[in-house]
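To start, the structure itself, in structure tokens.
Nothing here was measured: the structure is a model prediction, and the numbers come from that model.
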Amino acid sequence: MEDDENTHQLSIYRAARTIKRRDNTLYNALRSIYDDSVFVAEIFQLWPDLPLLANLRCGLWYSRTFHATCYFKSTDGHNNNWSFNTSRLNLHVAQLAGQKGGCFIVDATRRGKRFPDSMSKTIPIWTCVLNRSIRNHRERMRQSSLVNDRVSSTCDELSGDSRQMPVDWDCSLHLPLWVSGTERASIEERLEEWTRQLDASGADISSLASCLKKPLRPLWISQKTVIWLNEVPDHESWDFTPIILVSASSPSGVVQHRTSSEFSWNYIPGAGDDEESWARGLTPTLFWNRACDIINAGPEVCNQMVADIVEKDRVARARRGQDAPQVTVKAPSLVPKSDHYLNDDTSQLAPDLANINRNSSDEDSVISWLGSTNLAVGTSQNAGVSKVDCILNCDKTSIPADPKAYLYLPMVTSKFDRFSLLNNLPSAMNFAKLNLSQGKTLLICCDNGEDISVCVCLAILTTLFDEEGTFDGGNFFSETIITKLEMRRRLITVCKYVVNARPSRGNLKQVFNFLTGGRAGSINMPA
């Protein structure tokens, strides 16, 4: 009897899984994204002067074009796990909002909420801490100008900025109404500590203070928000700099059956999330290059069409000498096989873009220079066309380059090898020291220019440069005890220039172990 009950429960479980797989088809996901993108476009037209940003990675699917990207994690806003992460300051977002008078941030969620936690709490915490740090900075500048009898022109300018700051500069925490009072109180208890961490991190708050004339403040817009089109206010009339958070998906949280004039399909909230599980190698850029064709083709031929698009892009990459991995997808048994085969060889697909800062029409845009240090970070796919003297390639595959100005150190993330980065850093330091001492420019590249290359650049910057960012061959490093705070300061410097940087925790841990484990101190110039 007990076996029968277990068999019955297992059958129900299998049936539920079968229904879920049937509903979460590729066409349903892409059609849901396409419909939600219409809503995003409508909201953007309300304030077309404001830049549109995508919160990686889900938000990048919901518009054909974005002005920039950002990275606010929902986990930093989870209940009892609130955090202000100095490794993801997103200062470029605040600077862009200050220059343009505000900005949009687009994201979505599958969990049946109106907004993901990144919008409900992570970004509100971020705006509040930045506002407090700017207030502290301007107050210090004001006090300094009062004490100093001989005010320099720089101090005059800074004191002028402080006079421009309203007396009631808003530093309060603005959370949406659905966040409970208990949770709000717990977050408010941590704000001062987070502000002290930001002030001590070495972040460029001075530039931010001169750029922002009004305090940052989040606003929330979802598909359930009521907006009177004849009463849309001018964003310049507000007494704050708006960070308009647009949740693209419908907040129902359940699959909805919808019917168009030609096809029936199931709407999936937050379909752009977790793209590895459904996209079959398709990227936002490839999708929007052929969005109308894919949507109009219908569910019967969608899988084959996407497979053709991805394969054409892979072949185009291979011809350009770029990384072109084969995408292998197990055919789902629940989707009917199609007898339609597309034969469209006329379209030239653009290469995959992981974020808007990397545009194939301008190869130099993949390179992020770290001020005047002669260091740059970028992607290995475009390293060959970059105007640099030497290349340090950390990708899994090598690239054609001059052997005298090229070092290939294949590295993988800490998820696959906990010591890959650590074991290769000594060789990377020797190569960097040899070339930087000769005044050459050095590009550190990996497959995406966001993680491994950023960590290697951080190690080089900490080891071979002093506090002012001047190359000294390691003299400052040999006399300094590197702490986590010092490494965090250097990382913030890197992220200031490499705005798409997303170093993983495991890789940063390897860098810290390298800097404190004695290996960096044994760097010698190779013969």
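Contact of the Leu515 side chain with the Phe477 side chain is registered, since non-hydrogen atoms from C-beta on lie closer than 4.5 Å.
Note on residues 69-88: pairs passing salt bridge (Lys or Arg N to Asp or Glu O under 4.0 Å), not counting sequence neighbours, are Asp76-Arg88. Within the structure, side chain to side chain donor-acceptor pair (under 3.5 Å) contacts touching residues 467-476 (residues at least two apart or in different chains) do not occur.
Gln95 is linked by a side chain to side chain donor-acceptor pair (under 3.5 Å) to nothing, counting only residues two or more places apart in sequence or in another chain. Scanning for salt bridge (charged side-chain N to carboxylate O under 4.0 Å, His left out) contacts around Arg140 gives an empty result, with sequence neighbours left out. Scored by the salt bridge (charged side-chain N to carboxylate O under 4.0 Å, His left out) test, Glu276 finds Arg57 as partners (sequence neighbours excluded). The salt bridge (charged side-chain N to carboxylate O under 4.0 Å, His left out) test applied to Lys496 returns Asp204, not counting sequence neighbours. Considering only residues two or more places apart in sequence or on other chains, Glu486 meets the side chain to side chain contact (heavy atoms under 4.5 Å, CB included) condition with Ile482, Thr483, Arg489, Arg490. Considering only residues two or more places apart in sequence or on other chains, Arg418 meets the side chain to side chain contact (heavy atoms under 4.5 Å, CB included) condition with none of them. For Asn507, the side chain to side chain donor-acceptor pair (under 3.5 Å) test picks out Asp451, Ser504, Gln510, with sequence neighbours left out. For Phe84, the ring-ring contact (aromatic ring centres under 6.0 Å, His included) criterion is met by no residue, not counting sequence neighbours. Remark: Ser133 engages Asp199 in a side chain to side chain donor-acceptor pair (under 3.5 Å) (not counting sequence neighbours). For Arg132, the salt bridge (charged side-chain N to carboxylate O under 4.0 Å, His left out) partners are Glu192, not counting sequence neighbours.
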